[in-house]
Amino acid sequence: MLWSLIKIVVFVILVAAAATGATYLLDLEGGVRVAFAGIEVNLTPLNSVIALVLLVLAVWLFLRLAALVVAVLRFINGDETAISRYFDRNRERKGFQALSEGLLALASGEGRLAMAKAAKAEKFLHKPELTNLLTAQAAEMSGDHKKAEQVYKRLLADDATRFVGVRGIMKQKLSAGDTDTALKLAQKAFAIKPRHGETQDILLKLQAEKHDWKGARETLSAKLKSGALPRDVHKRRDAVLALSEARDVMDEGKSIEAREAAIEANRLSPDLVPAACLAARSHIEKGKARLAARVLKKAWAVRPHPDLAAAFAEIAPDETPEVRLKRFAQLIKANPDHRESKLLQSELYIAAEDFPAARRALGDLAETAPDARVLTIMAAVERGEGASDAVVEGWLTRALAAPRGPQWVCDKCHNIHREWVPVCENCHSFDTLSWTTPPAPDVVAPTGAEMLPLIVGPRRDETPDEDSTAADVSEAEIVTPEADEADTDAREK
């Protein structure tokens, strides 16, 4: 409405300006005298302007007729499309001009204007493979998803534009949350263009979300063949998919298939902690303790992790603390200077009640990297060496406020997971979890929290039974921060 009013006002202003100019020319005296070949013509100022306009128009018509004559001569000379090109040239010029204006409008975020220019371009060009794509993208920008989907469906009719149509509808379904339909469309798009990088990534992500591990491994192989994925990254992600397949097979109760898949995952990526643990446990079930130990030692040498130590303990679950300490020395020897090796050795000494050795094994971690697990171990050492309750509680207080230590953290969204998963539960990214310290405080329980009954021991007003051990302390004997504060207040009174 406002635009129509503006056009009417501009038209009235132009008419008024033309009338004013004509009146001014009529009032002028003198004129233009043209003499040529004995002929003299006198023109008034108004007639001079009219004659100039007619002259320009005549020159333009002459040039157009000359071009038409040239086209006719070319047609006579054998060029069958010369005359049709002559008449279509103006339409093409207008069509491409409208198309370029539509692209500029799309780039500047003017969706409605881009749709209008696309319609004008289609009127002159009759090239739906160009104008339909512009219309669909402009409709998406304007929020008209229904029209965009209709236009994408029209692109499916032509082999040259079928991939663009499938990809457009797939993205529409993804934005709408219809992942089932999006997966089917991604598979169709992948079949049309198997080397298209974006389609490969979307298909791989959707297959991982749907636990289609076999299909995901095929897609990953296609990425490797197309050169879109380095070989080492492919090897790592293929191991992740093999591990995920093994875990699903294990849930279904197919132990033999799960065991083979776990071993395959560990072979592809020996440093993948969950794969190493699963492969080791599969060897333990078959009675191959030596193979299990070899798998875990190899993984520990590259990437020490508490889960590896837990799986190593399962090789001989009934051994005494002294025997376990000796056997674990082989594992720790694979990477003795790593932080996890020092923590593991310190915990083993605590279990063997060799508290001075536990302190030596821990080293200076309480000063250089004081996280909750380190400080909890220090509290256990102090308790074992007979320190006062105030000293032990001091370490525990520091542990409550200290960082939680390394955990499974998504590299993309920094979401924290209690256990390793192939797909992030928050951003749904594939293979983005790393065992690292979170960048911000979190609420996940620390790894050493289960040692709290061992550390705190019995209450002050109770005497421990001579046959009981620190590991047998009941949950009622755990001193919580609130109970400790109340106890302190009572002593002060």
Looking only at atom types and distance, does a side-chain atom of [X] sit under 3.5 Å from a main-chain N or O of [Y], one as donor and one as acceptor?
{"X": "His417", "Y": "Glu425", "result": "yes"}
{"X": "Arg404", "Y": "Ala402", "result": "yes"}
{"X": "Ser341", "Y": "Asn335", "result": "yes"}
{"X": "His414", "Y": "Lys412", "result": "no"}
{"X": "Gln200", "Y": "Pro194", "result": "yes"}
{"X": "Ser142", "Y": "Ala139", "result": "no"}
{"X": "Asp364", "Y": "Glu367", "result": "no"}
{"X": "Asp158", "Y": "Thr161", "result": "no"}

(request) Report the C-alpha distance between Trp420 and His305 in whole Å, list the side-chain angles of each, state the deciding distance to 0.1 Å, and finish with yes or no for ring-ring contact (aromatic ring centres under 6.0 Å, His included). (result) CA-CA 12 Å; Trp420 181 88; His305 191 277; over 10 Å; no

Taking the side chain as everything from C-beta on, heavy atoms only, tell me whether [X] gets closer than 4.5 Å to [Y].
{"X": "Glu347", "Y": "Arg373", "value": "yes"}
{"X": "Trp435", "Y": "Pro306", "value": "yes"}
{"X": "Leu365", "Y": "Leu343", "value": "yes"}
{"X": "Glu245", "Y": "Glu264", "value": "no"}
{"X": "Leu241", "Y": "Pro422", "value": "no"}
{"X": "Leu99", "Y": "Phe124", "value": "no"}
{"X": "Phe163", "Y": "Lys188", "value": "no"}
{"X": "Gln407", "Y": "Thr437", "value": "no"}

Enter the distance from [X]:[atom1] to [Y]:[atom2] here, rounded to the nearest 0.5 Å.
{"X": "Glu149", "Y": "Asp144", "atom1": "CD", "atom2": "CG", "answer": "11.0 Å"}
{"X": "Met115", "Y": "Gln137", "atom1": "CE", "atom2": "CD", "answer": "12.5 Å"}
{"X": "Arg281", "Y": "Leu296", "atom1": "CZ", "atom2": "CG", "answer": "8.5 Å"}
{"X": "Leu185", "Y": "Ile202", "atom1": "CG", "atom2": "CD1", "answer": "11.0 Å"}

Measure across [X] and [Y] and return the closest heavy-atom pair with its distance rounded to 0.1 Å.
{"X": "Leu220", "Y": "Asp238", "result": "CD2-N, 3.3 Å"}
{"X": "Ala366", "Y": "Pro370", "result": "O-CB, 3.2 Å"}
{"X": "Arg418", "Y": "Trp408", "result": "O-CD1, 4.4 Å"}

(message) Determine whether His338 and Trp300 satisfy the following criterion, side chain to side chain contact (heavy atoms under 4.5 Å, CB included), listing intermediate values before the conclusion.
(response) CA-CA 10 Å; His338 194 274; Trp300 189 274; 5.8 Å; no

Before accepting this row, confirm whether a basic side-chain N of the pair [X]/[Y] lies closer than 4.0 Å to the acidic partner's carboxylate O.
{"X": "Asp180", "Y": "Lys173", "result": "no"}
{"X": "Arg167", "Y": "Glu198", "result": "yes"}
{"X": "Asp201", "Y": "Lys223", "result": "yes"}

(request) Determine, step by step, whether Glu218 and Lys214 satisfy the salt bridge (charged side-chain N to carboxylate O under 4.0 Å, His left out) criterion, reporting the C-alpha distance in whole Å, the side-chain angles of both residues, the deciding distance to 0.1 Å, and the verdict. (result) CA-CA 7 Å; Glu218 293 176 356; Lys214 184 178 180 181; 5.3 Å; no

(request) Go through the steps to decide whether Phe430 and Arg237 satisfy the test side chain to side chain contact (heavy atoms under 4.5 Å, CB included), and finish with yes or no. (result) CA-CA 9 Å; Phe430 174 70; Arg237 294 188 175 177; 3.9 Å; yes

(request) Could you tell me which residues satisfy side-chain hydrogen bond (donor to acceptor under 3.5 Å, both in side chains) with Trp213, sequence neighbours excluded, listed by chain and number? (result) Asp248

How about [X] and [Y]: does a side-chain donor come under 3.5 Å of a side-chain acceptor?
{"X": "Lys235", "Y": "Ser269", "answer": "no"}
{"X": "Asp411", "Y": "Ser434", "answer": "yes"}
{"X": "Thr219", "Y": "Gln207", "answer": "yes"}
{"X": "Thr181", "Y": "Asp178", "answer": "yes"}

(message) Checking side chain to side chain donor-acceptor pair (under 3.5 Å) between Thr131 and each of Glu122, Lys120, Lys117, Lys123, which is the one that passes?
(response) Glu122

